[in-house]
Amino acid sequence: MPKELEKSVTYLKGVGPKRAELYNKLGINSVYDLLNHFPRDYIDYTATVDIKSCPLNESCTVRGRVVKKLAPAMIRKGLTVYKAVFTDDTADLTIVIYNSSFAFDKLQTGGEYILHGRITGNMIRKEINSPVFIPADSNDKIQPVYSLTEGLTQPQVRQAVKNALAYFDKNIYEPLPKRIMKQNRLCSLDFAYENIHFPQDTHSRDIAKRRLVFDELLSLQLGMHMLRSKNRSRTGCVMHPVSLEEFYNSLPFELTGGQKSAIEDCARDMCREYPMNRLIQGDVGSGKTAAAAGAAYFAALNGYQTALMAPTEILSVQHYETLTGFFSPLGIKVCLLTGSLDTKQKKELKEHIASGEYQVIVGTHALVQQSTEFHNLGLVITDEQHRFGVEQRAMLAAKGENPHRLVMSATPIPRTLALMIYGDLDLSVLKELPKGRQPVETYAVTGKLRQRAFGFVKERLDEGRQGYIVCPAIEESDLEVQNVTNYAQKLSEEDFSDYRIGLLHGRLSPAEKDAVMQSFKNGELDLLVSTTVVEVGVDVPNAAVMVIENSDRFGLSQLHQLRGRVGRGKYKSYCILITDNVTDEVRKRLRILSSTSDGFRISEEDLKLRGPGDFFGSRQHGLPKLKIADMSEDTDILLQAQKTARLITQTDPQLKEPENKGLRDAARRLFEQKLSD
Ligand code: ADP
Ligand code: MG
């Protein structure tokens, strides 16, 4: 990028140090920043309607002429009203402007204008209050509307951007190689800036936007690639094809087609010279663990260790048990490494890991954080990946001889988002659920029906099933935990006094959590009252009913995850969502949930409703903030950008070629400090 564009906004006419400070507040320091301060909206003076058919109390754009200007009327001290009669020959409209003779003076009797503003009054006498307007013969018929800060006005920013555009014309710059522009049918950056700010028509604005979205998504892809390939080199764990038959035959069930092909994908990848980098996506209950176990089995037969990392203690215990079940008949040794071991146990276990006695090592983050030495680490599996950040992933990958990597994602992430977050990861999707699964029947009710819901739960418990009651404790703060504790207490004294109730929340120690979970699994508890710590992956096939309190507080995907805790066995299962906060939006969300059990669809809807920023509850995914691309809409461009990123990085992985310098800079700017090494 030419140095000129990095100069301060004070270089522009009309921007002094004072005003520059206001721009800084908006995150705009340089001329370049200002060019990239894209309009948040536009006023489209081309989309006019007849005054006669203008709906009341809505913003409209009308074209006509000023018939007559009335004398200003002083209503009281300091409040003057200016009025003018305006017509487009379908009807008249009274322009009303308070206090601003400046705006009023610009209107000429007999002059033709296009006005934009809210229409009030009644069907016979319509008024428009303080409209914005342009002369009907103006060339700027689509005007940008910018995010402002106090002290800056739209006209000021528009003018500054115009000056910045003129400045850009003198220091023209095009980061995209011609070839790529051609392949993707993109306009020049010059045209894009001009038309995103001051479009001639909506078509050129769309063309401009496409180019800018492409650039941003390309930078994102390239940045992710650079971040990831920082230490990428050949793997020291090239494996050889071996038969998986024995594993398949020893399982207590028949694998689904998706599980088998996921395992085969992994086996194929791990025989290559470069480390596998694969994501297994599957809805709750689709059996990701068994698929991952297949990959671990393949590694074990090849003489390599596998590390499986889970986000919580409960989950790692569960994985440990599942894998032990799968592997002990096959003579493969599994161990569990978690934070709750004492120092001595940990030390011993680590020695056995280092000596290669265990082939499969399951654990929590402790695996990453502590200096575990592996004997021969060949495969790293991470469960519930979206809880880890980009950097954390890189850290585990740096262990061993560049081991293969497999990620299991619990949330079926919309394809767009998966591409964003996982960039160049290969994808195996588990489309079908294991045979015999029935969808969880889901109902949304208000608190008035709580007693009935509890009655329904009791019936299930009496049939020998188990149940969950989930209360949100988003932060697991003292207060929230106290609330859940009181609630559980009340249930055990009143509604469920004849049943065995357990309580699970985030403030319990790992050992306590385990104990509760274990007795629930063993059937020693009928009902588990819990905060969302139960959310991820816990597997108790006998649980067939779940009640979720304050269900409006959860996102759709999270509710779907929660609901996935039931319906995992052969029993017909139910989920009752209770909420008293029945807004339209909540109703909409809960309706989606009751009408489908397709996790992918649900997460698409979730993304649409909440936007990508909130998608994971918090910004843990380590993605930079995007200015113009919209992850839920720009899928096609994303796919193009991804393809382009692949082509570029195949020949120039580190973007060292002069031709790609602009792209490298752009990726660095997007990721700011993270890529500056
Ligand atoms: P998730 O994809 O949600 O992590 P799990 O791996 O926990 O799902 O599997 C859910 C349950 O389904 C487990 O009890 C597991 O043993 C069982 N399961 C996995 N694969 C199959 C299959 N092919 N047929 C029947 N049951 C299966
Ligand atoms: Mg799981």
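Quick note: residue numbers are just sequence positions, from 1. Counting starts at 1 for both ligands and their atoms, in listed order.
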In ligand 1, which numbered atoms sit nearer than 4.0 Å to a non-hydrogen atom of [X]?
X    : result
G287 : 1 (P), 2 (O), 5 (P), 6 (O), 8 (O), 9 (O), 19 (C)
L255 : 23 (N)
T256 : 23 (N)

Which pair of heavy atoms, one from S597 and one from D283, lies closest together, and at what distance?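 Heavy atoms of S597 and D283 come nearest at O-OD2, 3.3 Å.
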Just list the side-chain donor-acceptor pairs under 3.5 Å for residues 245-255, sequence neighbours left out, or say none.
unit_1	atom_1	unit_2	atom_2	d
N249	ND2	E245	O	3.3
S250	OG	F247	O	3.0

Looking only at distances, can you tell me whether any N or O atom of [X], backbone or side chain, sits closer than 3.5 Å to an N or O atom of ligand 1?
X    : result
T289 : yes
P541 : no
R568 : yes

Salt bridge between E264 and R268, side-chain N to carboxylate O under 4.0 Å?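 So E264 does not pair with R268 through a salt bridge.
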So does E585 pair up with K588, basic N to acidic O under 4.0 Å?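 So E585 does not pair with K588 through a salt bridge.
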Is the ring centre of F298 less than 6.0 Å from the ring centre of Y304?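 They do not qualify: ring centres at least 6.0 Å apart.
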Heavy atom of G285 under 4.0 Å from ligand 1?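 Distance cut 4.0 Å: G285 passes for ligand 1.
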Among residues at least two apart in sequence or on other chains, which ones pass ring-ring contact (aromatic ring centres under 6.0 Å, His included) with Y574? F456
Nearest heavy atom to atom 25 (C) of ligand 1, choosing from P434, G258, P252, belongs to P434
Honestly, for E254 the part within reach of ligand 1 (heavy atoms, under 4.0 Å) is backbone
